[in-house]
Number of protein chains: 2
Amino acid sequence: MSVRLDDVDRKILKELQSDAGQSLDEIARKVGSSKTPVWNRIRKLRDAGVIGQQTVLLDAEALGFEACFFVLIRTSEHEAEWQKKFLKALQDRPEVQEAHRLAGDIDYILKVRVANARAYDVFYQALIAEVRIYNVTALLSMEELKSTTMLPI
Amino acid sequence: MSVRLDDVDRKILKELQSDAGQSLDEIARKVGSSKTPVWNRIRKLRDAGVIGQQTVLLDAEALGFEACFFVLIRTSEHEAEWQKKFLKALQDRPEVQEAHRLAGDIDYILKVRVANARAYDVFYQALIAEVRIYNVTALLSMEELKSTTMLPI
DNA sequence: CCCATAAACGGGAAAATATCCTATATCAAG
DNA sequence: CTTGATATAGGATATTTTCCCGTTTATGGG
């Protein structure tokens, strides 16, 4: 499903990623074009699904989310029914920012943002009460060294 | 450093997170206010650093980033000099989307987005050539079950 | 409880911007 | 070349942002 982009498209995506608030004229100037072609390209990229949500990134700590855990999950259940329940549990919990199904020994990894360790425990207890899980390891983040949503186009 | 927010602030942040492109009038209508107070609140939240970067989220797979690894790192080196070098190596590599220093057994976790397994190996070889690392485990994501930047305000 | 002061609000004007239209330029294939 | 298809630039208009100002609402001291 890989999309064909030229150099101008890549420059536009780079600009949009680093600041989606700047004006078309400004982006056009930076990529060496003018607003109409830039606008047409953005619309196409949006329609093609390359450009998804436009959003603002908030300061988690300033908002009181002072703890971040990576949760490694092993389970012995692999039926569709269980997976459906597990997926729904993840979707329903806003503190789960990321969830991946993994290859290998560990089955799933979650990234969970909460106010503090107590809040994590509440989350954890509720999760294991809702879906059967064989083994859980939580890795506590002490320091966020890097965090970006940018793709190196 | 926790900021005091009222209910209107929270609604505004929720709206901005789910769609930063909508107009002030639209946001104002949704939060039950008018554009000026909303604009003033957004400006304050921006100045306070609560609202950070405004960006677009791109479809990684559509752009050819088809592999995502979580990398668990142990090291025996803990001097400031080593840490500085390691941090710089992470900052310099755009395929590293997240990096956390952890409490406990494992020292660091990275989230790395690349085109494929080969590209990951190039990254890995370059990293261990640049900084001394004791032990590395890579967890390969098979499926992204959930991915959001939204904080549950 | 009342007044004084500060803070938030709502509407509107002006500047900036997005969106779309049209004419021109560029490019690829025959 | 020439021709059709595609991308482009500039401009017109609708929308939006930004800021100003008069009014309303909250707050705190007496």
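All chains are named by letter (A, B, ...) in the order of the sequence lines, taking the proteins before the strands, and each is independently numbered beginning at 1.
- Using modelled atom types, one side-chain atom of Q53(B) and one backbone atom of S18(A) make a donor-acceptor pair closer than 3.5 Å.
- Taking atom CG of N40(A) as the reference point, atom P of dA25(C) lies 19 Å away to the nearest angstrom.
- Here the C1' atom of nucleotide dG10(C) and the CZ atom of R29(B) are 17 Å apart, to the nearest Å.
- Formation of a donor-acceptor pair under 3.5 Å by the K30(A) side chain with backbone atoms of E15(A) is not found in this model.
- In the displayed structure, K14(A) atom NZ is contacted under 6.0 Å by at most 12 heavy atoms of other residues, nucleotides or ligands.
- The distance from the CD1 atom of I106(A) to the CG atom of L139(B) is 5.0 Å, given to the nearest 0.5 Å.
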(request) For nucleotides 11-18 of chain C, just jot down a letter per nucleotide in 5' to 3' order: B, S or -, based on protein non-hydrogen atoms under 4.0 Å. (result) BB----SS
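- Contact annotation for R43(B): no contact, since no heavy-atom pair falls under 4.0 Å across all strands.
- Counting 5' to 3', DNA chain D first comes under 4.0 angstrom of a heavy atom of chain A and last does so at the ends given by dA7(D) to dG11(D).
- Nearest heavy atom pair, residue D107(A) against residue H78(A), reads OD1-CE1, 3.8 Å.
- Between its opening and closing five pairs, the helix from dC1(C)-dG30(D) to dG30(C)-dC1(D) changes axis direction by 40°, a value rounded to 10 degrees.
- Although no hydrogens or angles enter the test, the distance criterion places a donor-acceptor pair under 3.5 Å between the side chain of Q17(A) and the main chain of L151(A).
- What separates CG of D6(B) from C1' of dA8(C) is a distance of 10 Å, to the nearest Å.
- Between the side chain of W82(A) and the backbone N or O of R132(A) there is at least one donor-acceptor pair closer than 3.5 Å.
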(message) If you apply the rule salt bridge (charged side-chain N to carboxylate O under 4.0 Å, His left out), what do you find for D25(B) with K35(B), and how did you get there?
(response) CA-CA 5 Å; D25(B) 281 319; K35(B) 63 186 179 340; 5.1 Å; no
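- The backbone N or O of Q97(A) lies less than 3.5 Å from no partner atom in the side chain of R113(A), so there is not a single donor-acceptor pair.
- With respect to E130(B), the salt bridge (charged side-chain N to carboxylate O under 4.0 Å, His left out) criterion is satisfied by exactly one of R93(B), K88(B), K85(B): R93(B).
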